[in-house]
2 protein chains.
Amino acid sequence: MKATETAVETIQREMTAFARRARASAGRLHPELSLVSYTLLGHLEEVDGCRATDLAAHYALDKSTVSRQVTALERAGLVVRRQDPEDHRVHVLGLTEAGRSILAQVTDRRRAAVLERLEDWAAEDLERFAGYLVRYNTLPSSEPEE
Amino acid sequence: MKATETAVETIQREMTAFARRARASAGRLHPELSLVSYTLLGHLEEVDGCRATDLAAHYALDKSTVSRQVTALERAGLVVRRQDPEDHRVHVLGLTEAGRSILAQVTDRRRAAVLERLEDWAAEDLERFAGYLVRYNTLPSSEPEE
DNA sequence: GGGTTCTGGTTGCATAGTACAACTTGAGGT
DNA sequence: ACCTCAAGTTGTACTATGCAACCAGAACCC
């Protein structure tokens with residue numbers, strides 16, 4: 001097998017293994033915010049508000065799933081849904097102060113945990129690694145919102 | 001914020017985004033084998049058989065979860081459970097021929113999908129990326145089975 | 001204007017994956 | 001022999017998820 005194929009296989013296997021562990025660690029690290037919720041909040045902060053459909057597209061989730069997650073987040077007071085005056089069908093989602101604050105806390109805790117595993121990495125490697133991930137996750141054709 | 005912190009945050013965010021998409025793509029790519037099942041089969045092939053407990057530790061899953069997954073895989077004829085003659089408590093898991101064959105098929109399909117996204121990457125970048133992932137996922141202290 | 005079609009979102013339903021706790025069986029030490 | 005620990009299984013409950021059906025507003029076309 002070519003080295004490239006091996007690398008590709010390794011990449012997909014390792015990414016998957018990471019994913020499993022991420023779910024587990026989310027439970028330990030921040031039981032108050034599920035991994036999905038955390039992810040959605042993070043995206044909302046990053047893009048400074050968007051529609052439910054955008055979240056669904058970005059994370060390859062069904063719109064019903066997003067709808068329910070958002071409902072839960074709204075009930076918890078972390079997210080607000082405002083009707084778009086332009087188009088009454090869409091709900092523009094945004095973080096509340098509480099949402100922002102919890103997100104910041106959890107992000108800190110997660111960052112500390114990740115940092116712990118990365119502490120002996122050279123800064124150059126870290127940045128290159130981050131760059132690769134971004135590059136990998138950026139879809140060439142679809143997902144114009146990114 | 002320091003560049004390192006930004007990189008760390010990016011790494012964890014991108015890894016998580018990847019995880020969501022991986023689940024979704026698994027459904028499209030190989031409906032006959034869930035992402036978990038695929039992952040477990042892959043591990044069994046890689047380490048050439050192991051105990052259920054090892055799988056649980058490796059993927060941070062509860063042993064009950066693994067037990068059920070393995071039961072399903074066994075019923076599907078993809079995995080065999082042999083009692084360890086040394087220790088009658090343990091079941092040594094292994095792939096059947098059918099398991100190996102399905103795994104190969106799915107791996108090919110997944111590799112093709114991943115490759116599609118990586119086609120314009122330089123070989124050097126691919127290998128470095130793979131290396132980073134392995135390095136990241138290798139736990140410093142625990143998980144001696146890796 | 002009045003229909004058809006499209007889009008954003010919600011809700012009903014079914015299913016998969018998961019954890020936790022209780023239990024069973026076998027090993028190992030004392 | 002007894003106590004304790006380890007591997008697995010099973011009961012139970014919950015969460016995330018997708019699909020299908022639906023509703024409401026927008027866009028388009030005659």
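Sequence lines set the chain letters: A, B, ... in the order given, protein chains first and strands last, and positions in each chain run from 1.
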Legend entry - Where chain A begins and ends its contact with DNA chain D, read 5' to 3' at 4.0 Å from heavy atoms: dA16(D) to dA26(D)
Inset, instruction - Strictly below 4.0 Å, heavy-atom distances to any atom of DNA chain D: list the hits from residues 65-77 of chain A, or just say none. - result: Thr65(A), Arg68(A), Gln69(A)
Legend entry - Residue whose nearest DNA chain D nucleotide is more 5′ - Ser34(A) or Ser64(A): Ser34(A)
Legend entry - Atom-pair distance (CG on Leu55(B); P on dG17(C)), nearest Å: 15 Å
Legend entry - Pairs where residues 125-134 of chain B contributes a residue and the test salt bridge (Lys or Arg N to Asp or Glu O under 4.0 Å) is met, not counting sequence neighbours: Arg135(A)-Asp125(B), Glu124(B)-Arg128(B), Asp125(B)-Arg128(B)
Inset, instruction - Could you state the atom-to-atom distance from CZ of Arg81(A) to C1' of dG9(C) in whole Å? - result: 9 Å
Legend entry - Pairing residues for Ala113(B) by the side-chain contact (heavy atoms from CB on, under 4.5 Å) criterion, not counting sequence neighbours: Leu29(B)
Inset, instruction - Taking ring pair (Phe, Tyr, Trp, His ring centres under 6.0 Å) as the test, write out the residues that go with His91(B), two or more places apart. - result: none
Inset, instruction - Using side chain to side chain donor-acceptor pair (under 3.5 Å) as the criterion, list what pairs up with Ser64(A), not counting sequence neighbours. - result: Asp62(A)
Legend entry - Protein-nucleotide distance (Leu93(A), atom CG; dG8(C), atom P), rounded to Å: 13 Å
Inset, instruction - Check the distance between dA19(C)'s P and Arg28(A)'s CZ and give it to me in whole angstrom. - result: 11 Å
Inset, instruction - Return the set of residues passing side-chain contact (heavy atoms from CB on, under 4.5 Å) with Glu97(B) (not counting sequence neighbours), or none when no residue passes. - result: Arg100(B)
Inset, instruction - Hey, could you give me each pair passing salt bridge (Lys or Arg N to Asp or Glu O under 4.0 Å) that has a residue in residues 29-42 of chain A? Not counting sequence neighbours. - result: Glu32(A)-Arg109(A)
Inset, instruction - Going 5' to 3' through nucleotides 24-30 of chain C, assign each nucleotide B (protein heavy atom under 4.0 Å from a base atom), S (under 4.0 Å only from sugar-phosphate atoms) or - (no protein heavy atom that close). - result: --BS---
Inset, instruction - Mind calculating the distance between CG (Asp62(A)) and P (dT15(C)) to the nearest angstrom? - result: 17 Å
Legend entry - side-chain contact (heavy atoms from CB on, under 4.5 Å) partners of Arg82(A), counting only residues at least two apart: Val80(A), Val92(A)
Inset, instruction - Round to the nearest Å and state the distance from Leu61(B) atom CG to dA16(C) atom P. - result: 17 Å
Inset, instruction - List in chain and number order the residues that pass salt bridge (charged side-chain N to carboxylate O under 4.0 Å, His left out) with Arg68(B), two or more places apart in sequence or in another chain; answer none if no residue qualifies. - result: none
Inset, instruction - Answer yes or no: is there a side-chain heavy-atom contact under 4.5 Å between Thr39(B) and His58(B)? - result: no
Legend entry - All side-chain contact (heavy atoms from CB on, under 4.5 Å) counterparts of Ala56(A), not counting sequence neighbours: Val66(A)
Inset, instruction - Measure the distance from CG on Leu33(B) to C1' on dG17(C) and round it to the nearest whole Å. - result: 15 Å
Inset, instruction - Taking atom CG of Asp120(A) as the centre, report whether more than 12 heavy atoms of other residues, nucleotides or ligands fall under 6.0 Å from it. - result: yes
Inset, instruction - Hey, which sits more toward the 5' end of DNA chain C by its nearest nucleotide, Leu35(B) or Ala52(A)? - result: Ala52(A)
